[in-house]
Amino acid sequence: METATLIVLLVIALALFFDFTNGFHDTANAMATPIATGALKPKTAVLLAACLNLVGAFLSTEVSKTVSGGIIREDAIRDSGADLFLALIFAGLIGAITWNMLTWLLGLPSSSSHALFGGLIGATLMGAGLGGIDFGMVLSKVILPALIAPVTAGIIALIATKVAYSITRRYDNKPDGRDGFRWGQIFTSSLVALAHGTNDAQKTMGVITLALITIGWQSGVHHEPQLWVIIACAVTIALGTYLGGWRIIRTLGKGLTDVKPAQGFAAESSTAATILASSALGFALSTTQVASGSVIGSGLGRRGSTVRWRTAGRIAIGWLLTLPAAGAVGALAALLVVWLGTWGVVIDAIIALVIIVGLYLRSRRNAVTSENAMSDVAESGHAIELPEKPPLTRRQQRIADARAEAKARKKAKADAKAKKKSENKTGVKNKATASLSKEEAE
């Protein structure tokens with residue numbers, strides 16, 4: 001029991017650290033666009049996101065129940081002992097954190113949610129076999145939402161973008177176009193941050209709740225997270241969000257400067273609506289995937305914009321790699337537990353510490369902060385390509401044609417007047433010449 005207590009404390013500590021990485025890893029999903037368009041200053045944006053993440057974490061617990069009582073079959077593993085079950089959760093968290101830290105170092109917007117699920121699934125498969133995973137729940141609550149949600153968000157963003165431009169029906173000739181939407185982005189990006197708290201913070205709550213149920217510190221009948229778990233996870237993800245994943249903000253933020261404020265407004269509205277609805281239904285979504293789908297949809301919704309499908313394809317490949325990559329690391333960590341027992345947990349903890357510290361120290365060689373986050377652009381961050389001058393709308397084309405026709409009529413009238421005047425002058429001159437010739441003849 002003392003060993004199990006020690007492991008559960010390690011699980012809680014590692015889960016909260018994952019929650020912290022989730023915060024700074026996904027800050028860009030809500031705040032990259034308003035930072036890039038100048039709607040919010042960088043530090044103001046991450047502070048606002050942190051506060052709303054904190055509030056959002058208290059709004060729902062449905063996703064937490066999905067993690068703590070759905071994906072992993074506790075009964076199939078608990079017979080092997082609480083120590084093994086807790087060690088497998090610990091190994092799964094190592095897989096998730098390793099992938100999160102690596103993609104953060106590279107500035108790649110990946111899914112923290114799928115990293116967590118991948119790590120847990122990989123560790124469980126290695127330690128308990130196929131019977132430890134409820135694949136029906138994985139399919140209905142993780143896989144299908146991952147496929148459907150980005151497409152749904154993209155369609156909503158496409159329609160919202162078309163509506164936004166049809167209502168305003170003009171280009172105001174400002175660098176970012178329809179400048180008033182920039183202020184609307186403050187509201188919509190705040191909604192995305194709030195939605196992020198309602199979905200992502202709960203995943204860590206679910207992991208901690210699962211550990212507490214395993215050791216007997218919480219009844220398995222009820223999977224609601226305890227109040228102290230909610231508070232701890234909410235504060236941790238808010239702190240991570242405030243520190244800001246500036247590397248990923250640099251990749252997404254400057255890459256999205258081609259997306260005009262009207263598009264950003266539509267994309268963020270779509271992202272927030274999709275995530276909030278999914279949180280209420282208990283779907284454990286990837287906010288990164290939903291946000292990216294919304295951006296692509298907004299690009300399709302604006303005339304003249306072009307989606308770089310090659311870049312979108314690379315992003316999709318990253319999504320596909322996240323779950324198996326984190327699962328592979330989680331499985332390797334679980335293998336040490338299966339082979340070495342408690343010593344395997346110790347070795348895993350040491351390896352995890354080395355990985356975290358090593359990646360952090362490596363990141364210091366080329367530090368990215370709020371001061372220089374927007375000074376450079378990663379080519380992979382560009383998802384939408386826009387022409388410098390967008391094509392005319394049908395109404396603008398009609399106006400242009402009418403102006404051209406009026407100008408042509410005016411020119412024709414002026415030419416006719418000039419011709420008549422010239423003919424009159426010629427006639428007068430001829431008449432004068434004729435009179436002079438008559439006088440000379442007389």
Count the heavy atoms belonging to other residues, nucleotides or ligands that lie under 6.0 Å from CG of Leu130, then report whether that count exceeds 12.
no
Excluding sequence neighbours, so at least two apart, what forms ring-ring contact (aromatic ring centres under 6.0 Å, His included) with Phe17?
none
What is the minimum heavy-atom distance between Ser190 and Leu48, and which atoms define it?
OG-CD2, 3.2 Å
Is there a side-chain hydrogen bond (donor to acceptor under 3.5 Å, both in side chains) between Asp19 and Thr236? Walk through the geometry before answering.
CA-CA 6 Å; Asp19 201 32; Thr236 304; 4.6 Å; no
Could you tell me whether a side-chain N or O of Ser269 sits under 3.5 Å from a main-chain N or O of Phe265, the two making a donor and an acceptor?
yes
Mind checking what makes salt bridge (charged side-chain N to carboxylate O under 4.0 Å, His left out) contact with Lys411, not counting sequence neighbours?
Asp415
Heavy-atom count check: over 12 atoms from other residues, nucleotides or ligands less than 6.0 Å from Phe187 CZ?
no
Quick check: does any side chain N or O of Thr124 sit under 3.5 Å from a backbone N or O of Ile121, one acting as donor and the other as acceptor?
no
Under the side-chain contact (heavy atoms from CB on, under 4.5 Å) rule, collect the residues that match up with Leu47, sequence neighbours excluded.
Cys51, Tyr242
Taking atom CZ of Phe135 as the centre, does the number of heavy atoms from other residues, nucleotides or ligands within less than 6.0 Å exceed 12?
yes
How far does CD1 of Ile399 sit from CZ of Arg403, to the nearest 0.5 angstrom?
6.0 Å
Measuring from atom CG of Leu194 to atom CG of Leu276, what distance do you get when rounded to the nearest 0.5 angstrom?
6.0 Å
Side-chain (Thr204) to main-chain (Cys233) donor-acceptor, under 3.5 angstrom:
no
To the nearest 0.5 Å, how far apart are NZ in Lys203 and CD1 in Ile237?
8.5 Å
Answer yes or no: is there a donor N or O on one side and an acceptor on the other, between the side chain of Gln218 and the main chain of Glu224, under 3.5 Å?
yes
